[in-house]
Amino acid sequence: MIEMILKRAGTGVLIVLFATTSIFFLAHGIGDPAVATLGPNASPARLQGFREQHGLDQPLLTRYGSYVGAAATGDLGRSFRDGQPVASVIATRLPRTLLLMSMAMSLQLLIGLTLGILAALRRNTWFDTGFMGVAFLGISVPTFVSGPIFLMVFAFLLGWFPIGGYGVSPLDHVGHALLPALTMAIVGASMDARIMRSEMIDTLGADYVRTAKAKGLSPARVVLAHAARNALLPIVTLIGLQLPNLVAGAIITETIFAWPGMGRLVIESITSLDIPVILGVVVVTAVAVQLGNGFADVAVALLDPRVRRGR
Amino acid sequence: MRRAGFVGIGLGLLGLGLPAFDVTLVVRDVDWLPIGGLIVLCLGILAYWEGRRAGRSGLALADPRAWRRFSKNRGAVAGGVLVVAVMLVGFVGPMLAPHPPDRIFDEGLSEDGTPAGPSAHMMLGADSIGRDELSRLLYGGRVSLGVALGAVAIAGLLGFGAGLVSGYFRGLADRGLMALVDFVLSLPFLLVAIALNRVIENPALWTLCLLLGLLSWTTLARVTRAKTLQVRELEYVQAARALGATHARILLRHVLPNVLGPAIVIATTMIASMIIVESAMSFLGLGVKPPTASWGSMLRDGQEYLQYAPRLILLPGALIVATVFGFNLLGEGLRDALDPKE
């Protein structure tokens, strides 16, 4: 078990390094950040000053070495645009996005798993075909289509939710996050519902479920403790794999709902070619995705004794 | 007649490729190219049909039972119809467009600056700066579809090739390629795509295709590899090897036709996801360059007038959903038809 975790962590570190390195060289190799930040009309002296200030006059490999060295200690450099330390900018933005993501993930699982289990229990009824049809359509509705429509219907027309922004108090933040989180949850919930349904149909037909029924356990206990628990395994893996989707969802949803988190930061920094911030966001996102995937792998191992004991 | 089947597939791909080529290589607005593409596509289907009728094309795709399963599946047929319709709109649409897509009309904006509603002159009204919405939708479809098809073509060649090599030769090539797949798969796709698209110096539609293709070949490589590993152990491949056939011959004649089925299923659903990615990038303003219309960039423009002109987000949104839904249905139907076990 510990060996597995260590191996997984090793791969994770390698992947984060790979992502950072490729983005570093691509970002620095193409275009001139000084011109991109100060504009094409800046005087040569100002451009030179900018390059010296940010160490852009050094050879690329030296810069890469010092970047990785500093990043390992938590120093991600300073923004080209406003000189703020990248690490502290991310420290303010990250919790907001994590709030959004955790709400989206909870909604997604709540909706997806409930519908999946109910559809499997009412297999081939109108409930099953109806909701699975809706779920299949749901996969095809991207966040940038559902987001503006939700905003129009639920915020502008009905006035049930705030029109966007972050709010002022913690409770207010949650209220502002509801509609964006729902937007982000739709695609994932549709996927989860479909997979949960087919997994449940498999486990409901398994021998151990028949045994559990024969023992006289209550139907709820058979369904939840025996069938659903085993059907959850692929879902846990899927959640790990869906993390990059959630990142993409956050980038789009935060733009639509003016939520000042990491997603907005991504767009702001990429639009203005603020390379230190772009790099910082990529590093933090890669680490987060690796952590999420790693946790999913470990969770599967904990839930499934066959995986835990090495097949 | 086996050859007719292959010729058919070749012509079909060429037919799909020509319109994509037209859009992405900035041979833009050469109207005969999409039409030529459609004609070649039809010829390809005919040739393929002929090969299939002879029943000896040796391709899993040509299995009459698979086609029977496909045509009995209502969802799959609906998906196919939807895809054909969208393709027609994308490839022939620009010819039907009443106005140039980038032209700004004075009467497009009403006195208070909001977009003008539908009229005889502009059937679906104007967009946020007074361009004809219908014309932009018709042109935008070609851009969205062209970029998606181009990206999938690149990803298809790379992923299918890598999967075949990886699964057939195994060993070092396999380990290297699969490590690369793991790395690329672990990148946050959209984040990397918009960052790279921003740093490309002279972005064009073909660089966008290349970028998306290079980031998305991995799933196809994995699936093709798994299937190749299975097929290479089958008796007829061993028989061919015993007869002294070269690797190239075994790969092309014996392995390739039998791993093509799953690859086509993946490629179909990939078109759907590439349409989503391109639209997402353009929606964020980091995809195709203005004033080029794509469904995603139109959605972005429409957001400003959410309250006054909801049609500006509903129309491109509905087209994106219909297209993605169509390709997803088609992919699902093909999966059921080609691989009834799963």
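So you know, we letter chains A, B, ... as the sequences are listed, proteins then strands, and number each from 1.
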Pairing of Arg131(B) and Asp301(B) as salt bridge, 4.0 angstrom limit:
yes

Which atoms of Leu191(B) are under 4.5 Å from chain A, going by heavy atoms: the side chain, the backbone, both sets, or neither?
both

So for Phe18(A), is it side chain, backbone, both, or neither that comes closer than 4.5 Å to the heavy atoms of chain B?
side chain

Ion pair present between Arg194(A) and Glu199(A), side-chain N to carboxylate O less than 4.0 angstrom?
no

Are Ser269(A) and Asp274(A) close enough that a side-chain donor and a side-chain acceptor fall under 3.5 Å?
no

Just checking Phe183(B): does its CZ atom have more than 12 heavy atoms from other residues, nucleotides or ligands closer to it than 6.0 angstrom?
yes

Whatever's closer than 4.5 Å to a heavy atom in chain B on Phe136(A) counts as both

Is it the side chain or the backbone of Ala195(B) that comes within 4.5 Å of chain A heavy atoms, both, or neither?
both

Identify which one of Leu94(A), Leu76(A), Leu265(A), Val277(A) satisfies the side-chain contact (heavy atoms from CB on, under 4.5 Å) criterion when paired with Val89(A).
Leu265(A)

Only pairs of heavy atoms separated by less than 4.5 Å count here; which of Val247(A), Thr255(A), Ile252(A) has the most with chain B?
Ile252(A)

Crowding at CZ, Arg175(B) (>12 non-hydrogen neighbours, <6.0 Å)
no

Tell me, out of Asp182(B), Val277(B), Val192(B), Ile194(B), who's got the most heavy-atom pairs with chain A below 4.5 Å.
Ile194(B)

Most chain B-contacting option - heavy-atom pairs closer than 4.5 Å, from Ala248(A), Gly263(A), Pro148(A):
Pro148(A)

Whatever's closer than 4.5 Å to a heavy atom in chain B on Val141(A) counts as both

Heavy-atom pairs under 4.5 Å with chain B: which of Val282(A), Ile270(A), Val145(A), Val16(A) has the most?
Ile270(A)

Leading residue by heavy atom contact count with chain A [cutoff under 4.5 Å; candidates Ile275(B), Leu190(B), Thr323(B)]:
Leu190(B)

If you count heavy-atom pairs within less than 4.5 Å of chain B, which of Leu14(A), Thr271(A), Val266(A), Ile139(A) leads?
Thr271(A)

Would you indicate whether Leu158(A), at its atom CG, is surrounded by more than 12 heavy atoms from other residues, nucleotides or ligands within a distance under 6.0 Å?
yes

Okay, Ile276(B) and chain A: the region with an atom under 4.5 Å from a heavy atom over there is both

Less than 4.5 Å to any heavy atom of chain B: does that hold for the side chain of Ile256(A), its backbone, both, or neither?
both

Quick one: OG on Ser279(B) to CZ on Phe283(B), what's the gap to the nearest 0.5 Å?
10.5 Å

Does the side chain of Glu278(B) come under 3.5 Å of the side chain of Ser282(B) through a donor N or O and an acceptor N or O?
yes

